[in-house]
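Below is one structure, written out as structure tokens, with a few remarks after it.
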Amino acid sequence: MKDRNHLAGVSTTHQVHIIENGLIDIPMLQILQPDGSLHDEAVEPEIDRETATRIYDTMEYIRVLDERMIGAQRQGRISFYLASTGEEAASVASAAALSDKDMIMSQYREQGALAYRGYTTTQFMNQMFSNQEDPNKGRQMPIHYGDKPLNFMTISSPLGTQIPQASGYAYGQKMAGNEAITICYFGEGAASEGDFHAGLNMAAVLNCPVIFFCRNNGYAISTPADEQFAGDGIASRGIGYGVKTIRVDGNDPLAVYAATKQAREIALKENCPVLIEAMTYRLAAHSTSDDPTGYRSREEEDKWRAKDPIQRMAKWLTSKGWYDEEANKKLIEKSRQDVLAALKTSEKVDICPIEDIVTDVYDDVPWHLKEQLDALKSHIKKYPDAYPKTSGRVK
Amino acid sequence: MKDRNHLAGVSTTHQVHIIENGLIDIPMLQILQPDGSLHDEAVEPEIDRETATRIYDTMEYIRVLDERMIGAQRQGRISFYLASTGEEAASVASAAALSDKDMIMSQYREQGALAYRGYTTTQFMNQMFSNQEDPNKGRQMPIHYGDKPLNFMTISSPLGTQIPQASGYAYGQKMAGNEAITICYFGEGAASEGDFHAGLNMAAVLNCPVIFFCRNNGYAISTPADEQFAGDGIASRGIGYGVKTIRVDGNDPLAVYAATKQAREIALKENCPVLIEAMTYRLAAHSTSDDPTGYRSREEEDKWRAKDPIQRMAKWLTSKGWYDEEANKKLIEKSRQDVLAALKTSEKVDICPIEDIVTDVYDDVPWHLKEQLDALKSHIKKYPDAYPKTSGRVK
Amino acid sequence: MAKMNLLQAINNALITVMEQDERVMVFGEDVGHFGGVFRATSHLQEKFGKGRCFNTPLTEQGIIGFANGMASQGSVPVAEIQFGDYIFPAFDQIVNETAKFRYRSGGQFSVGTLTIRTPYGGGIAGGHYHSQSPEAFFAHCPGLKIVIPRNPYQAKGLLLASIRDDNPVLFMEPKRLYRASVSDVPEDDYELPLGKADTVQEGSDITLLGWGAQIEILQKAAEMALDDGVSCEIIDLRSILPWDVDAVCESVMKTGRLLINHEAPQTGGFASEIAATVQDKCFLYLEAPIARVCGLDTPYPLAHEKEYMPDQFKTYEAIKRTLNY
Amino acid sequence: MAKMNLLQAINNALITVMEQDERVMVFGEDVGHFGGVFRATSHLQEKFGKGRCFNTPLTEQGIIGFANGMASQGSVPVAEIQFGDYIFPAFDQIVNETAKFRYRSGGQFSVGTLTIRTPYGGGIAGGHYHSQSPEAFFAHCPGLKIVIPRNPYQAKGLLLASIRDDNPVLFMEPKRLYRASVSDVPEDDYELPLGKADTVQEGSDITLLGWGAQIEILQKAAEMALDDGVSCEIIDLRSILPWDVDAVCESVMKTGRLLINHEAPQTGGFASEIAATVQDKCFLYLEAPIARVCGLDTPYPLAHEKEYMPDQFKTYEAIKRTLNY
Ligand SMILES: Cc1ncc(C[n+]2csc(CCOP(=O)(O)OP(=O)(O)O)c2C)c(N)n1
Ligand SMILES: Cc1ncc(C[n+]2csc(CCOP(=O)(O)OP(=O)(O)O)c2C)c(N)n1
Ligand SMILES: [Mg+2]
Ligand SMILES: [Mg+2]
């Protein structure tokens, strides 16, 4: 046994010494003040105009997308949606700090990271309409995006499962000698799952180059953070795992960018995990199935609306002379039109043919699934009206 | 959302600030020096001669029991055993600090706590011979003790499962208004399970009066602590959960006693969990199925043999004038004889009658198990030689 | 009598038992102040306080671990798993702990007071992770009871019986029926027996067996078959474990034919256990192979949900095949 | 050819594939330096380095989560779960993740390279938690393959095929055979097919079906029956999922009788699936009900292990009952 974790380096005391909450202060990195001006003591991260603009534009885009899709769900055009309003900086600015080779494993509220990577409006729509142009073949609910060319792992609903997976993915990257890391996003609620514990501990012990990025947005559906945990957020857990940890203002795109940039460098150079806790707030409802008025106040929301990351960044861009109000208006307008147009197109695209009900269960379709498919096809032919989405194409 | 866990009280920084290992020092409570003398700065815990002697005698007893049972296993008289040599102080002295009403949920290496509660040699033997006098009816492997009258929960092999259970048990005690707490023992290996995470977090959030007592003995079978976790032991995790934490020298009975006493007071008064990490060493093999020479050195073992808790306490007792060498020798001799005698008696006791193969699956035996039992009985009658342990009693 | 939907019947059952027995405590993700994502626990926290109805952190293994501990202490936990699809992180606590607690301790300790409630099943455009019917995973585990109601009346009576039964019960609620319709439910206390099937409709030509939301499907298929002059007996199993072999076999001995319908994938589904048992006990009475109309052996798909489901048309066709064997 | 016991055959298979493909990595609790509690991974760390053969922290959900991640990246993980009884904390990662990874992503991502090895089964005085046979819990989960060898020769050939198969495989090792005997195993590379049953012995009166360590039991029972002049055909299923329905049905159509034996509890065990399928496909050929000789519907007991086990005597009696039906 090496003594690192057992006794060497442990000091002794002779009075009962209780380690308590509040013993250590985990400060939050903030570079831009809520009003958008640079903190006096802050160092502006190295960021060029192009990157800064792309972060900003992506945030604006996502806000438009979110608004429109909530609308589309209300109109009954899609069955479900989940917005990231107020949290755009956390996912967009962190994704901006990565290399395209880095794998993204997300929870479900990180559409900003996906858009930053280059996912198109049409791609978003195809997934949400579960049509045959969705590379995921329409097999999961709306918002469960996934795109191999963009190194964005297909989202899975069970919470926390991607956390130990990210450790394993990063381990594989390291062993393969790739100059790449994995980033794993999750909410402060998901961090209560056993998989969180396993994932962080394993990454620390097995030296995996992975960034664990927690969006602490104050709620898990209706459950407030103080009914989720009693410690100092998620960051304080990093200490217990021996994982380097940074807490950051999740509504400050520059802080998120700077922290993630540095985390990536550390992860890659030192082959180790880094935990980032981004303090933010879910301004949106949990999803279109949720109504937050049942569990929180308007005032609380308003307090956070004032910390809006998009406005904050706009002010900073302006101060840099990088902000063009006209162009921005046009961009928003164009995004709206793009979304509406893509929506109209995608909703008319067929779902996958019935054959795809049995593909991808295994690498090949085994005999029993062939049998089941054959039986199903004959059945559909007998009752075409009962299965209108596929019957027209059954031969 | 209350701000306790979200933003209030969080300070800001404007440079990337990395929280790392070693940032905080978690010292280890030691009252007795390894040579048995009191530390200058230490306060002797309030402990009367009777309690001190009972702790000491129980440790001696357990060491005898462990030795003899390893021998019995080698002789093929029992199938399996698991010793606690070197770790006796951790379980015995902590149990001594409890009330008999407190529930004990143990892992499997806490025979010392059970003996302290009053489990008799005969009871130990009945369990290990899986005979019909074992209240657990011989259904689990040797060392899976359990005794309702002593408030000692029947042990379960799957690691870590008792941790969230202990939180729930303690919550029930609190709601029922019992003046009692739960103590939950586990190894540093088991602390890697997801159930550990769930149990500690839930206890903290739901204010459960429970002591989580981790025996960090450096190994989980062959896996050394530094391949188990990368943080500062298990104690450092307490910070992340917002759980009051004490690290203690597990080979110092006075320190274990003092820490557990205080932890119990806090848990009961403040309705909250307390985590204790006892630093100790598994001098024994993992179990009779294990051979530690495959993964650690003799020197390492010797280093720890020198920290023996029994000798340490003997010296302190001597300094108090509470130690009677003659009496101690007799006690050990008597324990040996008791164990041998009980062994001989218990191994001759029948296992439970065949009817017990189907009882306790449900509260009553349902129709299908009655059917299965009837069929089994007729079958045994046909082949009595194949089922010698039960056939003689099948009617 | 009051008109209630299935959710209201569950809420009403919880209120009934919480008023009587203060050891009863209800918890899970979002079940506290908010009343659960489906609102089955609405107003319980207001009525009974935060100590007896509370949110837990987001950890299913923790919820059931905690519940096991509470039950072994003597409390009466009613734990909610938000969706049946998310019960698997708790699989170890249920299969290795809940189910074996009493047996391994020789009856000294038990978690008999535990009830686990969870919504299950498809037909709500939920895809893989909001549609599964996991009953068969648990049916292979001695020590558990598994109960599934098909309407509000059953929901209340079976839930009350489950909570009071001295064995751990997995109570699975067909979520597509939650608000589907209202029916008459007594406001008084009542129980329906566990382990007993319910004959929904008598018939002479074939026995149709199912549970939960699929009973509706069987009824529709039976109507279609009636037009062909086929008389179907419909049995609602209600309890999956232990299940009512006598009632099923009695019916099969009368009709000579059996069809079992469930939403879960066919391979290893609970229909296989029923078929294996019935072919053994009724061998000489069977006039045709026992038919299984089940989900496909694939994950639960989204876009092809309609095609995946063992609906009335597939059931009707299988009835015909069985009759014409 | 070399003489190997089952453990050595596994170790040999791992060496064979690790030498060929550096993407193969082996890990789990105690598998590193120590070589695993059963020593199946002995010397692999020495040979291939700590990067490719390593201890993990003690967390089964973590081991499989980590393995899923590695596999989706393109590595070839061979993860060990120390005992089949401890696989349940990983149930969610296996059932909701491993099995659905490819389907949910439309084939973009998969964990097809994953193999999970685990010892299973009783007869070693292990009680509840060192004896379980959990195959049926996984057999209800589309997307997985489940493979069980019955001797050293199969162990090597099936393990090599499992590791190379582009689907996640749960490879279950009958631990009471680990050191039970040695037999001839080719030192060269070879594979045995997945999804194919193996006819152990031909016969004409009844088909005896099993897998893993229970094949021995079937052989002993068949010998007893032979003394009565009964000719048994013995089939080793080898793959539980997908399983070889054709081979089984062909045999049953020939013999007219089927007996299935497994150690796991009867209710919901995999014998139920086989019986349900065979009664459907071979209805007119069956001369007696399909018999199941299985574990009792209780947790696996310690003191009554002998009585619990579906041994040769119980099997022989069931053969007679089936023949005399
Ligand atoms: C294992 C599991 N349990 C429960 C759920 C249901 N569920 C979906 S989202 C959610 C809350 C998640 O909160 P958090 O992780 O904080 O993310 P946020 O929604 O705030 O972004 C819950 C309970 C789930 N998807 N998976
Ligand atoms: C869930 C589970 N996984 C694996 C095992 C096998 N196992 C038994 S003891 C042990 C090591 C436990 O180490 P630790 O918790 O440190 O306790 P110690 O033996 O050191 O007292 C392992 C891996 C188990 N019993 N349960
Ligand atoms: Mg959240
Ligand atoms: Mg240990």
Side-chain angles (χ1 to χ4, degrees), chain A residues 103 105 134-140 144 146-149 153-158 160-176 178 182 184 193-195 197-208 210 352 356 358-364 366-369 371, chain D residues 22-23 25 27 50-52 54-77 79 89-90 92-93 95-97 99-112 114 142-145 165-168 195 241-246 277:
Chain A
M103 172 52 66
M105 290 185 162
D134 169 26
N136 302 291
K137 300 187 186 161
R139 292 198 178 120
Q140 285 194 91
H144 290 71
D147 194 67
K148 182 129 188 176
M153 180 65 73
T154 299
I155 293 167
S156 169
S157 311
T161 52
Q162 80 280 19
I163 305 175
Q165 290 172 12
S167 306
Y169 200 101
Y171 190 88
Q173 289 172 312
K174 178 179 80 171
M175 291 300 289
N178 301 345
T182 297
C184 177
E193 292 284 1
D195 275 357
H197 183 59
L200 269 84
N201 190 39
M202 291 183 82
V205 171
L206 298 167
N207 308 312
C208 306
V210 52
C352 285
D356 277 320
V358 297
T359 56
D360 304 319
V361 182
Y362 295 95
D363 55 347
D364 293 322
W367 67 266
H368 69 291
L369 287 178
E371 245 183 54
Chain D
E22 59 173 29
R23 298 172 313 150
M25 292 173 235
F27 51 92
K50 240 185 142 162
R52 292 183 59 204
F54 52 94
N55 287 340
T56 62
L58 210 169
T59 165
E60 292 76 14
Q61 66 191 116
I63 292 169
I64 304 301
F66 195 87
N68 279 333
M70 279 179 76
S72 68
Q73 179 273 334
S75 299
V76 184
D92 186 56
Q93 280 286 350
V95 165
N96 265 344
E97 296 291 317
K100 298 176 175 61
F101 221 97
R102 194 193 302 261
Y103 197 73
R104 75 183 178 209
S105 70
Q108 293 190 90
F109 298 98
S110 104
V111 297
L114 172 61
L144 301 178
K145 293 193 176 182
D165 186 82
D166 194 18
N167 295 285
L241 199 70
W243 63 288
D244 195 345
V245 174
D246 282 351
T277 299

Determine, using ring centers only, whether D/Phe54 and A/Tyr171 are less than 6.0 Å apart. yes
Measuring heavy-atom distances to chain A, does D/Asn55 have an atom under 4.5 Å in its side chain, in its backbone, in both, or in neither? backbone
With heavy-atom distances below 4.5 Å as the criterion, would you say the side chains of A/Gln165 and D/Phe66 are in contact? no
Checking A/Cys208 against chain D: side chain, backbone, both or neither under 4.5 Å from a heavy atom? side chain
Honestly, the part of A/Thr359 sitting under 4.5 Å from a heavy atom of chain D is backbone
Please classify the contact of A/Ala176 with chain D as side chain, backbone, both or neither, using a heavy-atom distance under 4.5 Å. side chain
Below 4.5 Å, heavy-atom pairs only: which of A/Asn207, A/Leu369, A/Asp363, A/Thr154 has the largest tally toward chain D? A/Asp363
Flag the one option from A/His144, A/Met175, A/His368 with the top tally of heavy-atom pairs under 4.5 Å to chain D. A/Met175
Where does A/Gln173 contact chain D at under 4.5 Å (heavy atoms): side chain, backbone, both or neither? both
Given heavy-atom pairs under 4.5 angstrom as the criterion, report whether the side chain, backbone, both or neither of A/Glu371 touches chain D. side chain
Any idea which of A/Pro135, A/Ser167, A/Pro366 has the most non-hydrogen atom pairs under 4.5 angstrom with chain D? A/Pro135
Just wondering, do D/Gln73 and A/Asn178 contact through their side chains at under 4.5 Å, heavy atoms? yes
Side chain, backbone, both or neither: which part of D/Arg23 has an atom under 4.5 Å from a heavy atom of chain A? neither
Whatever's closer than 4.5 Å to a heavy atom in chain D on A/Met105 counts as side chain
Okay, D/Val245 and chain A: the region with an atom under 4.5 Å from a heavy atom over there is both
Is the side chain of A/Tyr362 donor-acceptor paired with the backbone N or O of D/Lys145 at a distance under 3.5 Å, no angle test? no
Close side-chain approach of A/His197 and D/Thr59, heavy atoms under 4.5 Å: no
Under a 4.5 Å heavy-atom cut-off, does chain A meet the side chain of D/Leu144, its backbone, both or neither? backbone
D/Gln61 versus chain A, the contacting section by heavy-atom distance below 4.5 Å: both
Beyond-backbone contact of A/Met202 with D/Phe27, side-chain heavy atoms, under 4.5 angstrom: no
